[in-house]
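Written out below as structure tokens is the structure these notes cover.
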Amino acid sequence: MSGSVHLQQLWQFPYSTLLFNRTNLYKGLYALPRMKVYSPCYTKQMQTTTYEVVNGSYLETSPIKQEKKTKDTTPVTLDTVGAFQKLPMVMPSVDILYSALRKARRVSPTKGIANAAKREKNKGAKQLDALMKELSLPLKTYKEKFPNKRHLHPYERALVELTLGDGNYEEVLGKVDSLRKKLTSVGKEHASLCAQSSTKREAEERLAEGIKRLEDIFHSDGKAVDELMQIAKSLRAMPVVDLEMPTLCLVGAPNVGKSSLVRILSTGKPEICNYPFTTRGILMGHITLSYQHFQVTDTPGILRRRDEDRNNLEKLTLAVLAHLPTAVLFVHDLTGECGTSPSDQFLIYKEIKERYNTHLWIDVVSKCDLLQESPVFYITEDAEADNSELLKYRTMGPEGALRVSVKSQVGINELKSKVHELLVSQSARLNIQKPEVTTDISSPPKTFI
């Protein structure tokens with residue numbers, strides 16, 4: 001076709017020709033500035049660009065930002081414990097409020113403003129902005145420094161759920177963050193209104209109104225900060241477990257003598273009373289044997305019932321066994337004094353040992369000085385039961401169990417020796433499970449935690 005060209009042929013011309021010259025092949029055709037004309041073709045790959053709105057304009061998002069956003073959405077679970085000891089100190093809500101008010105009142109207007117009305121509205125806007133920031137900044141710090149529960153070590157995650165109640169930790173953090181957002185929004189709104197004042201008196205009124213509004217919000221919703229402060233105290237008081245140090249966990253029914261043995265074996269000083277669930281949390285002690293250091297944990301007692309019926313104290317014990325690399329010292333009381341019948345203790349023992357059969361294990365029959373020749377039967381038990389294993393358990397305890405008495409010191413030295421052997425074996429097991437650290441010349445050294 002004379003004097004014309006098919007549009008598909010335009011891609012064959014150089015870009016500079018299309019950009020700067022008027023073609024004679026197609027009269028009236030002008031190439032638009034910064035426009036490239038490409039051949040119609042098919043491709044298997046498509047390059048996309050993301051944009052974000054900044055001040056009403058679309059700006060291209062940098063690859064670094066895109067990569068950061070992608071990484072932030074990936075959940076990370078910690079392989080170490082100790083997150084609770086890194087929690088920030090939470091100030092009481094009343095201290096945060098009074099400190100913010102005191103600092104905001106010190107803010108002076110910008111120098112050089114001669115007009116009284118302009119000077120007053122400038123001071124009012126700056127004081128409201130300062131008050132808003134002083135109130136919201138600590139809340140932002142708490143939100144950032146308190147760890148996401150999903151990222152905690154499974155043991156610490158279980159402690160949060162069982163100690164504080166399922167969902168309470170996230171609920172309180174959510175309230176604190178909502179308070180921060182409300183303070184920021186209201187503070188900016190009133191600072192803007194104050195800056196738009198036309199007279200000095202109006203600026204003063206809007207300043208007072210803004211301060212009162214922020215105070216009311218903080219008084220109303222600031223109790224979430226106090227709740228977070230109590231949560232921080234509770235979590236910070238949790239015992240720290242060294243995952244690389246061999247640990248002995250004492251397990252058994254309530255009031256069988258676990259706490260007394262912890263006192264004998266370690267530096268731990270648990271409360272000892274004659275009623276169930278004396279141990280209301282995980283208590284930690286330490287043992288030093290032959291210049292080696294070990295940990296000992298005293299756990300709440302376990303009753304014979306289904307897992308869904310267990311209280312949080314019992315679930316704490318199961319969490320220790322499930323999430324920490326511990327050796328087990330299971331304590332049995334066949335005297336009938338602990339409140340749990342020997343047959344129930346037998347069933348508890350069988351269930352726990354079967355569930356955690358990979359743990360190293362020692363069985364101990366406590367209070368042996370009180371044992372009688374004939375086995376103890378509770379009124380609710382069937383004395384005619386023909387279970388030979390249970391009958392043997394009533395008299396001797398599990399096969400191979402040590403008989404000890406804290407009161408008369410019977411079997412204590414033998415127990416200490418057995419515990420030492422068990423913990424040395426546990427130490428060897430932990431060393432085998434540690435990943436090997438390899439160093440490659442061509443790559444930086446890898447560090448395993």
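In what follows, every heavy atom counts, from backbone to side chain, and hydrogens, waters and symmetry copies are set aside.
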Greater than 12 external heavy atoms within 6.0 Å of Gln85's CD: yes
If the threshold is 4.0 Å, N to carboxylate O, is there a salt bridge linking Glu351 and Arg355? yes
Of all pairs that satisfy ring-ring contact (aromatic ring centres under 6.0 Å, His included), the ones with a partner from residues 391-421, not counting sequence neighbours: His332-Tyr393, Phe346-Tyr393
Closest heavy-atom pair, Leu334 versus Pro342, reported as atoms and distance to 0.1 Å, is CD2-CB, 4.3 Å
Using a 4.5 Å cut-off on heavy atoms from C-beta on, say whether the side chain of Val160 contacts that of Leu152. yes
Closer than 4.0 angstrom, basic N to acidic O: yes or no for Arg304 and Asp309? no
Do Val296 and Met284 touch side chain to side chain, with heavy atoms closer than 4.5 Å? no
Tell me whether the count of non-hydrogen atoms from other residues, nucleotides or ligands lying under 6.0 Å of CZ in Arg213 goes above 12. no
Please round to the nearest 0.5 Å and tell me the distance separating atom CG of Leu402 and atom CG of Leu415. 6.0 Å
Heavy-atom closest contact (Ser343 atom, Arg394 atom, distance): CB-NH2, 3.7 Å
So, the side chain of Glu134 versus the backbone of Ser99: is there a donor-acceptor pair under 3.5 Å, distance only? no
Answer yes or no: is there a side-chain heavy-atom contact under 4.5 Å between Glu337 and Leu370? yes
Locate the shortest heavy-atom distance separating Lys258 from Asn255; write the atom from each residue and the value. NZ-N, 4.4 Å
Measure up the Trp361 and Tyr349 rings against each other and bin them: parallel (under 30°), tilted (30 to 60°), perpendicular (over 60°). perpendicular
Step by step, would you call Val404 with Val410 a side-chain contact (heavy atoms from CB on, under 4.5 Å)? CA-CA 5 Å; Val404 301; Val410 173; over 6 Å; no
Intermediate values then yes/no, side chain to side chain donor-acceptor pair (under 3.5 Å), Ser266 and His286: CA-CA 5 Å; Ser266 75; His286 292 84; over 6 Å; no
Sequence neighbours left out, what passes side chain to side chain contact (heavy atoms under 4.5 Å, CB included) with Asn122? Give chain and number order. Pro109, Thr110, Ile113, Lys126
Please evaluate residues Thr297 and Thr299 with respect to the criterion side chain to side chain donor-acceptor pair (under 3.5 Å), reporting the C-alpha separation (whole Å), side-chain torsions for both, the decisive distance (0.1 Å), and the verdict. CA-CA 6 Å; Thr297 61; Thr299 59; 6.0 Å; no
Ile211 and Leu128 have their tightest heavy-atom pair at N-CD2, 3.6 Å
Enclosure of Lys182 NZ (heavy-atom neighbours >12, cutoff 6.0 Å): no
If we ignore hydrogens and angles and just use 3.5 Å, is the side chain of Thr326 paired with the main-chain N or O of Val328 as donor and acceptor? no
Here the gap from Asp363 atom CG to Leu329 atom CG, rounded to the nearest 0.5 Å, amounts to 8.0 Å
Give a yes-or-no answer on whether the side chains of Tyr142 and Asp177 include a donor-acceptor pair shorter than 3.5 Å. no
Side-chain heavy atoms of Glu244 within contact of Leu430, under 4.5 Å: no
Side-chain contact, heavy-atom cut-off 4.5 Å: Val365 with Leu371? yes
Passes side chain to side chain donor-acceptor pair (under 3.5 Å), Ser425 versus Glu421? Steps please. CA-CA 6 Å; Ser425 300; Glu421 293 175 8; over 6 Å; no
With sequence neighbours left out, write down each residue that passes side chain to side chain donor-acceptor pair (under 3.5 Å) with Ser93, or none if nothing qualifies. Asp226
Any chance the side chains of Ser259 and Asp298 put a donor and an acceptor closer than 3.5 Å? yes
Given 3.5 Å as the limit, does a donor-acceptor pair link the side chain of Ser366 with the main chain of Val256, or not? yes
Is the side chain of Thr184 donor-acceptor paired with the backbone N or O of Arg180 at a distance under 3.5 Å, no angle test? yes
Pairwise side-chain contact, Ser178 with Asp221, heavy-atom cut-off 4.5 Å (strictly under): no
Would you say Arg310's side chain and Ile302's backbone share a donor-acceptor pair under 3.5 angstrom? no
Heavy-atom nearest pair, Ala104 first then Gln127, reads O-CG, 3.2 Å
Test log, rule side-chain contact (heavy atoms from CB on, under 4.5 Å), inputs Leu101 and Arg105: CA-CA 6 Å; Leu101 288 170; Arg105 291 191 184 101; 3.7 Å; yes
Measure from the side-chain N and O atoms of His359 to the backbone N and O of Leu321, and report whether any donor-acceptor pair falls under 3.5 Å. yes
Under 4.5 Å between any side-chain heavy atoms of Leu135 and Phe218, yes or no? yes
Does Thr247 have any side chain to side chain donor-acceptor pair (under 3.5 Å) partners at least two apart in sequence or in another chain, and if so, which? Gln295
CA sep, side-chain torsions, deciding dist, call: Thr317, Val251, side-chain contact (heavy atoms from CB on, under 4.5 Å): CA-CA 8 Å; Thr317 299; Val251 185; 4.2 Å; yes
For a 4.5 angstrom cut-off between non-hydrogen side-chain atoms, does Gln292 reach Leu423? no
Set out, in order, the CA-CA distance, both residues' side-chain angles and the distance that settles side-chain contact (heavy atoms from CB on, under 4.5 Å) for Arg305 and Glu314, then state yes or no. CA-CA 10 Å; Arg305 50 187 170 188; Glu314 294 174 273; 2.3 Å; yes
Can you tell whether the side chains of Glu161 and Lys149 come within less than 4.0 Å, N to carboxylate O? yes
Ignoring hydrogens and angles, write down the donor-acceptor pairs under 3.5 Å from the side chains of residues 227-239, residues two or more places apart or on other chains.
unit_1: Ser234; atom_1: OG; unit_2: Gln230; atom_2: O; d: 3.1
unit_1: Arg236; atom_1: NH2; unit_2: Pro88; atom_2: O; d: 3.0

Between Ser136 and Met132 (side chain of the first, backbone of the second, donor and acceptor by atom type, cut-off under 3.5 Å), is there such a pair? yes
Atom NZ of Lys418 with >12 non-hydrogen neighbours under 6.0 angstrom: no
Check whether any side-chain N or O of Gln426 sits under 3.5 Å from a backbone N or O of Pro325 as a donor-acceptor pair, and report yes or no. yes
Closest non-hydrogen atom pair between Lys133 and Pro138, with its separation: O-CD, 4.4 Å
Sequence-distant partners of Ser185, side chain to side chain contact (heavy atoms under 4.5 Å, CB included), two or more places apart: none
Kindly compute the distance separating CD1 (Ile96) from CG (Leu137), expressed to the nearest 0.5 Å. 10.0 Å
Tell me if a side-chain donor or acceptor on Asn431 pairs with a main-chain N or O of Ser427 at a distance below 3.5 Å. yes
Rounded distance (nearest 0.5 Å) linking atom CG of Leu261 with atom CD1 of Ile412: 6.0 Å
Gap separating the CG atom of Leu207 from the CG atom of Leu131, nearest 0.5 angstrom: 9.0 Å
What's the spacing between Leu179 CG and Ile217 CD1 if we round to 0.5 Å? 8.0 Å
